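What follows is a single structure, written as structure tokens, with notes after it.
Every number for a ligand or one of its atoms is a count from 1 in the order of the listing. Numbers here simply count residues along the sequence, with the first being 1. The structure presented is a predicted model; accordingly, all values stated were derived computationally and were not measured.
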Amino acid sequence: MEKLNRNILDLSPEKIRSHLGNPENFDIYVLDTVDSTNSYAKNLAQNGAKNNTVVIANHQTAGRGRLGRTFYSPAQTGLYMSILLCPEGGILEPAALTIAAAVAVCRSISTLCDKKPQIKWVNDIFVDGKKTCGILAEAGTDSGMLSYIIIGIGLNISTEVFPGELKSVAGSLNTTVNRSIIAGEIINQLNTLRPLCGTQTLIDEYKSLSLVLGKKISFTQKGETHHGTAIDINIEGNLIVRLDTQETIILKSGEISLGSHNFI
Ligand code: BTN
């Protein structure tokens with residue numbers, strides 16, 4: 001494959017806008033280096049930024065992942081994007097929005113890169129057996145109501161070398177598609193999927209992309225490891241697991257491991 005030689009120039013608000021179905025609805029910030037686009041977007045949210053503000057960085061020095069982890073975010077080779085949603089009336093379906101974001105990323109990867117992404121519950125996206133994208137959703141409250149949510153998406157596009165324990169689990173899209181086009185496609189897809197939040201239609205698509213349904217999984221709760229089979233995902237996005245003891249339980253959050261592997 002052609003060697004990728006990217007620079008910040010493939011990321012610009014104008015290029016992203018030119019790919020958007022309704023560019024007038026979005027405020028877009030493109031930064032070279034930032035600690036975390038989620039933190040930057042949070043600051044904007046607390047200072048009156050509008051619904052549909054998008055922050056994208058070429059490089060993050062302290063990218064954040066779920067469960068207090070860091071997200072490796074080298075310059076040039078990834079898409080690090082946070083979308084601030086703060087609709088009038090507040091955020092009614094935070095879990096469904098992260099599901100919609102995962103589906104939006106998968107649709108974008110299939111459309112632009114001709115690959116078959118799969119979602120490892122809750123919302124890690126795998127391509128060719130490697131974790132290629134992670135999603136971190138963070139909500140903010142105002143007078144007890146969820147007033148905004150920031151959907152942070154970290155997509156490895158052409159990163160070739162990963163540090164330490166990421167080496168065996170992380171991968172990249174290995175595509176030459178321009179990052180502005182990928183960003184625009186994800187934004188468009190999420191915009192299309194938002195009205196489906198809370199519907200079985202969205203869950204059915206999410207299930208069709210699942211890497212875990214029908215598979216043996218394990219997870220740890222209160223210091224105890226459980227083994228079972230992932231049998232369904234309900235309308236709330238919870239994972240239904242039939243334990244090896246035949247007990248059925250509902251997982252609302254957390255992390256599972258697939259088979260004998262310990263995916264990050
Ligand atoms: C995970 O895999 O645990 C979630 C990773 C989310 C990373 C993205 S990159 C853009 C946004 N800014 C952050 O600091 N984190 C998210």
Side-chain angles (χ1 to χ4, degrees), residues 8 11 16 28-46 49 52-85 94-95 97-106 108-109 117-127 129-140 148-159 162-173 179-180 182-184 186-187 190 211-212 219 237 253-258 261-264:
I8 178 78
L11 269 181
I16 296 165
I28 300 176
Y29 294 74
V30 173
L31 314 165
D32 185 7
T33 300
V34 71
D35 53 354
S36 151
T37 55
N38 265 33
S39 303
Y40 194 95
K42 182 175 179 187
N43 197 274
L44 290 176
Q46 290 168 344
N52 285 326
T53 294
V54 179
V55 180
I56 297 179
N58 181 46
H59 172 217
Q60 292 185 124
T61 54
R64 293 187 285 110
R66 289 178 65 238
L67 309 171
R69 294 181 179 132
T70 56
F71 187 81
Y72 181 57
S73 314
Q76 264 64 280
T77 61
L79 176 67
Y80 317 114
M81 170 163 79
S82 298
I83 304 173
L84 167 66
L85 304 174
L97 279 168
T98 58
I99 287 173
V103 173
V105 171
C106 288
S108 304
I109 293 172
Q118 286 189 293
I119 304 169
K120 176 172 170 273
W121 188 87
V122 183
N123 47 25
D124 285 345
I125 291 155
F126 278 65
V127 175
K130 295 284 174 86
K131 175 170 167 177
T132 303
C133 175
I135 297 176
L136 173 68
E138 297 181 300
Y148 70 83
I149 190 164
I150 294 162
I151 310 276
I153 298 170
L155 178 58
N156 304 323
I157 295 192
S158 55
T159 309
F162 292 90
E165 59 176 8
L166 288 181
K167 273 193 181 78
S168 58
V169 291
S172 290
L173 282 182
R179 285 182 295 177
S180 291
I182 300 175
I186 295 172
I187 296 166
L190 180 58
L211 178 66
V212 306
F219 62 94
S253 62
E255 183 156 72
I256 58 168
S257 293
L258 206 41
H261 299 286
N262 253 328
F263 286 136
I264 288 190

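- To the nearest 0.5 angstrom, Asn156 atom CG is 11.0 Å from Lys130 atom NZ.
- Neither the backbone nor the side chain of Ser39 has a heavy atom within less than 4.0 Å of ligand 1.
- Against a heavy-atom cut-off of under 4.0 Å, Arg64 is close to the following atoms of ligand 1: 5 (C), 6 (C), 7 (C), 13 (C), 14 (O), 15 (N), 16 (C).
- A distance of 7.5 Å separates CD of Gln60 from CG of Asn38, quoted to the nearest 0.5 Å.
- Interface of Thr37 with ligand 1, defined as ligand atoms under 4.0 Å from a residue heavy atom, comprises 10 (C), 11 (C), 12 (N).
- Here the CD1 atom belonging to Ile83 is positioned 5.0 Å from the CG atom belonging to Leu190, to the nearest 0.5 angstrom.
- Proximity to Ile153 (heavy-atom distance under 4.0 Å) selects the following atoms of ligand 1: 8 (C), 9 (S), 10 (C).
- Between Ile135 and Ala101 the shortest heavy-atom distance is CD1-C, 3.9 Å.
- Of all atoms in ligand 1, numbered sequentially from 1 with element shown, those under 4.0 Å from a heavy atom of Arg66 are 1 (C), 3 (O), 4 (C).
- Listed by number with element, the atoms of ligand 1 under 4.0 Å from a non-hydrogen atom of Ile135 are 4 (C).
- Of the candidates Lys131, Glu138, Arg69, the one placing a heavy atom closest to atom 2 (O) of ligand 1 is Lys131.
- The distance from ligand 1 to the heavy atoms of Gly63 drops below 4.0 Å at these ligand atoms: 14 (O).
- Distances below 4.0 Å separate heavy atoms of Ser36 from the following atoms of ligand 1: 12 (N), 13 (C), 14 (O).
- The closest approach between a heavy atom of Met81 and any atom of ligand 1 is below 4.0 Å.
- Which parts of ligand 1 touch Gly65 is read off a 4.0 Å heavy-atom cut-off, strictly below it: atoms 1 (C), 3 (O), 4 (C), 5 (C).
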